[in-house]
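Note sheet for the following structure.
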Amino acid sequence: MTVVTRFAPSPTGFLHIGGARTALFNLLFSRHHGGKYLLRIEDTDKQRSTAEAVQQILDSLAWLDLSPDEPPLFQSTREARHAEVAHQMLAAGRAYFCYCTPEELQQMRERAIKEGRPPRYDGRWRDRDPKEAPPGIKPAIRIKAPREGETVVEDLVQGTVRVANTELDDMIILRSDGTPTYLHAVVVDDHDMGITHVIRGDDHLTNTFRQVQVYRAMGWDEPRFGHIPLIHGADGSKLSKRHGAVSVLEFREMGYLPEAVCNYLLRLGWGHGDAEILDRDEAIRLFDTDGVGRGAARFDFAKLTALNAHYLRKADPARLVRETLERLARRTELAVGAHAKARLAALMPGLQERARTLAELADSAAFLAHPRPLPMDAKARAQLTPEAKIALRELGAALGATDWSVAALEAATRAFAESRAMKLGAVAQPLRAALTGSTQSPPIFDVLGALGREEGLARIEDAAR
RNA sequence: GUCCCCAUCGUCUAGAGGCCUAGGACCCCACUCUUUCAAGGUGGUAACACGGGUUCGAAUCCCGUUGGGGACGCCA
């Protein structure tokens, strides 16, 4: 049997980071088993579904390299099929018309809760003759769920999960307006799409018992289910906006790399020995449901950031130059032209190993694109003592006479310091302040080299004034 | 309220009865390297929720307690 998985988001908003992990697990699982990974947009709620949300989800998945193997299936296009199946169940005596009004059901729920009973449909139309139907009411179709025994699901993650059938009620599969409910549509679509493994959030675990009834009523093979735990915020509650970012696109904006996000998401709730750094190929090779944990995991920005720093360090400098240029171009105080681009390309190896996110990278690179005079932060200004300024002026003169290569610049500076009986640091720090406006930067001679003779000497002169 | 699921350092996790003096990663703290900051290297702090069993032996199996999460819609 070829494995077929799917990710099935509803387009009522942006793609949640938890949804991204579900998509990742589905992709990894199918790839690991040599199968297919599909996408289904669950847009049957016409009030809340939007085309923008669909596009955002597609963009988010593409960014994370989690695009499906085939174009997405839109659930709304399959309503006729959903209704058809519901009517087949009706004909087979596995479903029935229910003439209750929403108000009536509401009352039923309220009374049950007041009396301390679970709020469930009491099955009042289950065996009633449709001839007794009240006039003028369009019926909904309910499934005839078993009332005795228990329903057991062998979950790939949670193990054997069982529930007494008395806990289940006869859920609506087709609304009175003829549209399918989620619980019904999901099953019909999963069956028709040939889904063999349903990997989704833990919050669907109890739904599974209801969905299984549809498979059984239709005599369809049931897929295997794997319910992965939800992601929580740092305080242990369900991850939401107040925990910081939750939208995948927000993570992109904050400067996280897609491969880092995927690696982090993979390790959130899944483990394989001591493996921490896993690229896509390695993840596909090792991923399986037996490595998925059963408890909810908390989202930790510190670890994501550490992982991001790792990937940033080994990323292709050319790629980072492009990304950084894009961010710098948004800053009006900078002059992002050919000079800046060349300087950035020259210094990127030194910059990228010092930044943890693309946002930090852009911050640390901004000095390269800043027109003179360069603004100084407080610590940098403190470096420029009267003595330091004198030394800088003389150093400038010395450097002006040297070949503008990193090695020559370093040699000249070391010779200069030695001639003054100064420690290299005593010269290098004021120089760093002059060149970068900061006390932290890549190796200072690399900076000097990247800046070029004209700009480098000019900045030294500015600072020596 | 009812049902379902979960429970190892602060966080993510390894651990499938003896290999556990509980390992790794992140965070934090020292030291080291060093022109700064990072990175790297070395070392350190830190956990089996609790109570009963089962067993020669339990982080690992069973029961209970506590704590957390989820689901109970003509939403998805």
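Naming: A, B, ... by sequence-line order, numbering from 1 per chain.
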Checklist outcome for this item: Picking from B:U11, B:C5, B:C37, the nucleotide nearest the side-chain atoms of A:D202 would be B:C5
Checklist entry - Cut-off 3.5 Å, side chains only: do A:H227 and A:D202 have a donor facing an acceptor? => result no
Checklist entry - Separation of A:D274 atom CG from B:A22 atom C1', in whole Å? => result 13 Å
Item to check | Interatomic distance where CG belongs to A:N308 and P belongs to B:A39 [whole Å] | outcome: 14 Å
Next on the checklist: In terms of relative ring orientation, are A:F301 and A:Y256 parallel, tilted or perpendicular, with 30° and 60° separating the classes?
Outcome noted: tilted
Checklist entry - When you compare B:U32 with B:C50, how far apart are their C1' atoms, in angstrom units rounded to a whole number? => result 44 Å
Checklist entry - Across the strands shown, which category fits A:D43 at heavy-atom distances under 4.0 angstrom: base, sugar-phosphate, nothing? => result nothing
Next on the checklist: Is A:R175 close enough to B:A76 that one of its side-chain N or O atoms is under 4.0 Å from OP1 or OP2 there?
Outcome noted: yes
Checklist entry - What is the nucleic acid contact for A:L268, judged by heavy atoms within less than 4.0 Å: base, sugar-phosphate only, or nothing? => result sugar-phosphate
Checklist entry - Which class fits the ring pair A:F299 and A:Y264: parallel under 30°, tilted 30 to 60°, perpendicular over 60°? => result perpendicular
Checklist entry - Which of these nucleotides, B:A71, B:C5, B:U11, is closest to any side-chain atom of A:V161? => result B:C5
Item to check | Atom C1', compared across B:A47 and B:U21: separation rounded to whole Å | outcome: 15 Å
Next on the checklist: What contact category does A:L205 fall into here, base, sugar-phosphate, or nothing, at under 4.0 angstrom with non-hydrogen atoms?
Outcome noted: sugar-phosphate
Checklist entry - So what does A:E353 touch, heavy atoms closer than 4.0 Å: a base, only the sugar-phosphate, or nothing? => result base
Checklist entry - To the nearest angstrom, how far is A:L307 atom CG from B:G24 atom C1'? => result 14 Å
Next on the checklist: Between B:U65 and B:U2, how far apart are the two P atoms, rounded to whole Å?
Outcome noted: 13 Å
Next on the checklist: Applying a 4.0 Å non-hydrogen cut-off, can you work out what A:G293 is touching in the nucleic acid: base, sugar-phosphate, or nothing?
Outcome noted: nothing
Item to check | Minimum-distance nucleotide (side-chain atoms of A:Q429 versus B:U35, B:A76, B:C74) | outcome: B:U35
Item to check | Sugar-phosphate only, base, or nothing, as touched by A:P9 at under 4.0 Å among non-hydrogen atoms | outcome: nothing
Checklist entry - Mind checking the P distance from B:G68 to B:G52? Whole angstroms is fine. => result 23 Å
Checklist entry - Quick check: are there more than 12 heavy atoms from other residues, nucleotides or ligands sitting under 6.0 Å from CZ of A:R40? => result yes
Checklist entry - Is B:A22 paired to anything, Watson-Crick or G-U wobble with both distances less than 3.5 Å, and if yes, which nucleotide? => result none
Checklist entry - Between the side chains of A:T179 and A:R175, is a donor N or O closer than 3.5 angstrom to an acceptor N or O? => result yes
Checklist entry - Picking from B:U11, B:U35, B:C6, which would you name as closest to the side chain of A:I444? => result B:U35
Checklist entry - So does A:R120 get a side-chain nitrogen or oxygen closer than 4.0 Å to the phosphate oxygens (OP1/OP2) of B:C3? => result no
Next on the checklist: Taking 4.0 Å as the cut-off, does a side-chain nitrogen or oxygen of A:R414 come that near to OP1 or OP2 on B:U35?
Outcome noted: yes
Checklist entry - Closer to the 5' end of RNA chain B via nearest nucleotide, is it A:A428 or A:E42? => result A:A428
Checklist entry - Between atom CG in A:L435 and atom P in B:U36, what is the gap in whole Å? => result 16 Å
Next on the checklist: Rounding to an integer number of angstrom, what distance separates B:G57 and B:A39 when you compare their P atoms?
Outcome noted: 49 Å
Next on the checklist: Is the positively charged end of A:R21 above the ring of A:F25, judged by distance under 6.0 angstrom from the centroid and angle within 45° of the axis?
Outcome noted: yes
Next on the checklist: Counting the atoms with a prime plus P, OP1 and OP2 as sugar-phosphate, which does A:R432 contact under 4.0 Å by heavy atoms, base, sugar-phosphate, or nothing?
Outcome noted: base
Checklist outcome for this item: Tested for side chain to side chain contact (heavy atoms under 4.5 Å, CB included) against A:R200, the lone hit among A:I228, A:V186, A:N26 is A:V186
Item to check | B:A49 - base-pair partner by Watson-Crick or wobble geometry, distances under 3.5 Å | outcome: B:U65
Checklist entry - For B:C74, does OP1 or OP2 lie under 4.0 Å from any side-chain N or O of A:R109? => result yes
Next on the checklist: Distance check needed: B:G68 C1' versus A:H232 NE2, whole Å only.
Outcome noted: 8 Å
Checklist outcome for this item: Rounded to whole Å, CD of A:E276 lies from P of B:U13 at a distance of 10 Å
Checklist entry - Contact class for A:R267 vs. all strands (heavy atom < 4.0 Å): base, sugar-phosphate, or nothing? => result base
Next on the checklist: Over all strands shown, is A:C98 touching base, sugar-phosphate only, or nothing at heavy-atom distances under 4.0 angstrom?
Outcome noted: nothing
Checklist entry - Of the nucleotides B:C6, B:C27, B:A71, which one has an atom closest to the side chain of A:A306? => result B:C27
Next on the checklist: Give me the distance, rounded to whole Å, that separates B:U60 from B:U54 when you measure between the C1' atoms they each carry.
Outcome noted: 13 Å
Item to check | A:H204, NE2: over 12 other non-hydrogen atoms inside 6.0 angstrom | outcome: yes
Checklist outcome for this item: Of the candidates B:C26, B:U35, B:C74, the side chain of A:R142 sits closest to B:C74
Next on the checklist: If you compare every side-chain N and O of A:T206 against the phosphate oxygens of B:C3 (OP1, OP2), does one of them come in below 4.0 Å?
Outcome noted: no
Next on the checklist: Taking any heavy-atom pair under 4.0 Å as a contact, classify A:L230: base, sugar-phosphate, or nothing.
Outcome noted: sugar-phosphate
Item to check | Given RNA chain B, 5'-ward residue of the pair A:R356 and A:G159, judged by closest heavy atom | outcome: A:G159
Checklist outcome for this item: When rounded to whole Å, the CZ to P distance for the pair A:R294 and B:U8 reads 12 Å
Checklist entry - Checking all strands, does A:T44 fall into the base, sugar-phosphate, or nothing category for heavy-atom contacts under 4.0 angstrom? => result sugar-phosphate
Checklist entry - Of all the choices, B:C12, B:U2, B:G40, which nucleotide is nearest to the side chain of A:K303 once you look at every atom? => result B:C12
Next on the checklist: By the 4.0 Å heavy-atom rule, please label A:P443 as base, sugar-phosphate, or nothing.
Outcome noted: base
Checklist entry - Is A:S441 side chain donor-acceptor paired with the B:C37 base, going by distance under 3.5 Å alone? => result no
Item to check | B:A14 versus B:G73 - spacing of their C1' atoms, nearest Å | outcome: 42 Å
Item to check | Sugar-phosphate, base or nothing in reach of A:H227, heavy atoms under 4.0 Å | outcome: nothing
Next on the checklist: Using 30° and 60° as the class boundaries, would you call the ring planes of A:Y99 and A:F97 parallel, tilted or perpendicular?
Outcome noted: tilted
